[in-house]
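Take a look at the structure set out below.
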Amino acid sequence: MIIDNNLIENLKKEQLRLANKLNLVKIDKTIRDFKLIVGIDLTFIKENSKEKGIVCFSILKNNINNIKIEYKILKKEIKFPYIPGLLAFREYPLIEKLFYILNEEYKTELENKEVLFFIDGHGISHPRTLGIASHFGVKLNQVSIGIAKRKLFGYYNENNLKTLKITELYNNEQKEKHLGYVINTDLITNRKILGSKVLFISPGNNIDCESSLKLFIQMIKNYNLVITELAHNYLVKIKNEQI
DNA sequence: GCGACAG
DNA sequence: ATCTTGTCGC
Ligand SMILES: [Mg+2]
């Protein structure tokens with residue numbers, strides 16, 4: 001696929017248009033109040049000299065005294081390249097397809113926003129406050145949070161991260177806009193998460209920074225897992241199996 | 001012009 | 001993200 005500057009500019013405008021619809025609000029619910037927690041990640045393969053993406057939803061079903069995890073995957077050709085800041089245009093179309101399959105099974109829960117989505121990538125911690133987690137949350141009007149392993153955009157205090165194991169991420173040195181948090185995984189667990197010692201947590205949509213952090217930590221404390229990591233590991237597994 | 005730059 | 005051998009640490 002050939003990407004000219006004109007297309008890039010139009011896609012950036014599309015991001016600004018979607019960013020106007022962001023709804024960054026406090027959520028008083030705890031992690032246990034959500035019927036489902038869904039982790040989203042993708043992997044890529046070459047098949048018949050075509051690049052294909054495989055998306056995985058890891059779905060934690062939180063019934064009373066009964067926690068179950070199931071997986072859904074979908075494979076499709078991907079034509080759009082990876083461009084920093086435009087990740088959603090590569091990965092979101094496939095995510096959306098699997099979302100509509102999920103919607104057949106959990107229509108009510110999704111309509112009532114009783115599903116919490118964690119997406120591998122940034123939320124509002126993005127040059128136009130529209131990382132893939134926000135793109136997803138705005139287009140589908142769902143509650144979403146971004147979990148990224150590396151910084152894309154913003155400023156934070158390295159010393160605070162080192163000493164406090166957590167620090168806030170802002171759009172600039174003047175701290176005009178709070179975009180999320182940078183966490184050293186030592187804060188919550190003694191292991192790396194998704195192969196990383198540092199994670200960037202930011203709101204996708206229908207949630208604010210503080211609630212995003214709260215629910216992320218509650219997920220780890222209550223269920224002893226990071227849901228996007230389950231999706232990631234599942235993809236690694238099926239990739240190794242099919243040869 | 002140069003560095004930064006999710007997955 | 002993917003490719004990919006040896007190598008370091010528990
Ligand atoms: Mg990923």
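- Between Thr43(A) and dT2(C), a side-chain N or O to OP1/OP2 separation shorter than 4.0 Å is present.
- Look at CD on Glu91(A): it is 8 Å from C1' on dA1(C), rounded to the nearest Å.
- Candidate nucleotides dC3(C), dC5(B), dG7(B) were compared by shortest atom distance to the side chain of Lys239(A), and dC3(C) ranks first.
- Within the 4.0 Å cut-off from OP1 or OP2 of dA6(B), at least one side-chain nitrogen or oxygen of Arg150(A) is found.
- Between Leu199(A) atom CG and dG7(B) atom C1' there is a gap of 14 Å when expressed in whole angstrom units.
- Here the C1' atom of nucleotide dA6(B) and the CG atom of Leu86(A) are 11 Å apart, to the nearest Å.
- Below 30°, between 30° and 60°, or above 60°: for Tyr71(A) and Tyr234(A) the angle between ring planes is below 30°, a parallel geometry.
- Summarising the geometry, the separation between CG on Leu87(A) and P on dT2(C) is reported as 13 Å, rounded to the nearest angstrom.
- Taking a 6.0 Å sphere around NZ of Lys197(A), one finds it holds more than 12 heavy atoms contributed by other residues, nucleotides or ligands.
- Minimum atom distance to the side chain of Lys151(A) is reached by dC5(B), of the listed dT2(C), dC5(B), dA6(B).
- The aromatic ring of Tyr82(A) is stacked on the base of dG7(B), with the two ring centres less than 5.5 Å apart and the planes inclined by under 30°.
- Every residue meeting the ring-ring contact (aromatic ring centres under 6.0 Å, His included) condition with His178(A), not counting sequence neighbours, appears here in chain and number order: Tyr170(A), Tyr181(A).
- With respect to Lys214(A) and Glu210(A), no salt bridge is recorded, no charged nitrogen being found less than 4.0 Å from a carboxylate O.
- Here Gly85(A) lies in heavy-atom contact (under 4.0 Å) with a base.
- The interatomic distance linking His126(A) (NE2) with dA6(B) (C1') rounds to 8 Å, in whole Å.
- Phe80(A) has its CZ atom 13 Å from the C1' atom of dG7(B), to the nearest Å.
- Not one side-chain nitrogen or oxygen of Lys149(A) sits closer than 4.0 Å to the OP1 or OP2 atom of dA6(B).
- Qualifying side-chain contact (heavy atoms from CB on, under 4.5 Å) partners for Tyr156(A), counting only residues two or more places apart in sequence or in other chains: Lys151(A), Glu158(A), Leu161(A), Thr167(A), Leu169(A), Val182(A), Phe200(A).
- Atom-to-atom, CG of Leu130(A) to C1' of dG7(B) comes out at 16 Å; the value is rounded to the nearest Å.
- Rounded to an integer number of Å, the gap from His135(A) NE2 to dA6(B) C1' is 14 Å.
- Residue contacts for Leu42(A): at a heavy-atom cut-off of 4.0 Å it reaches no nucleic acid atom on any strand shown.
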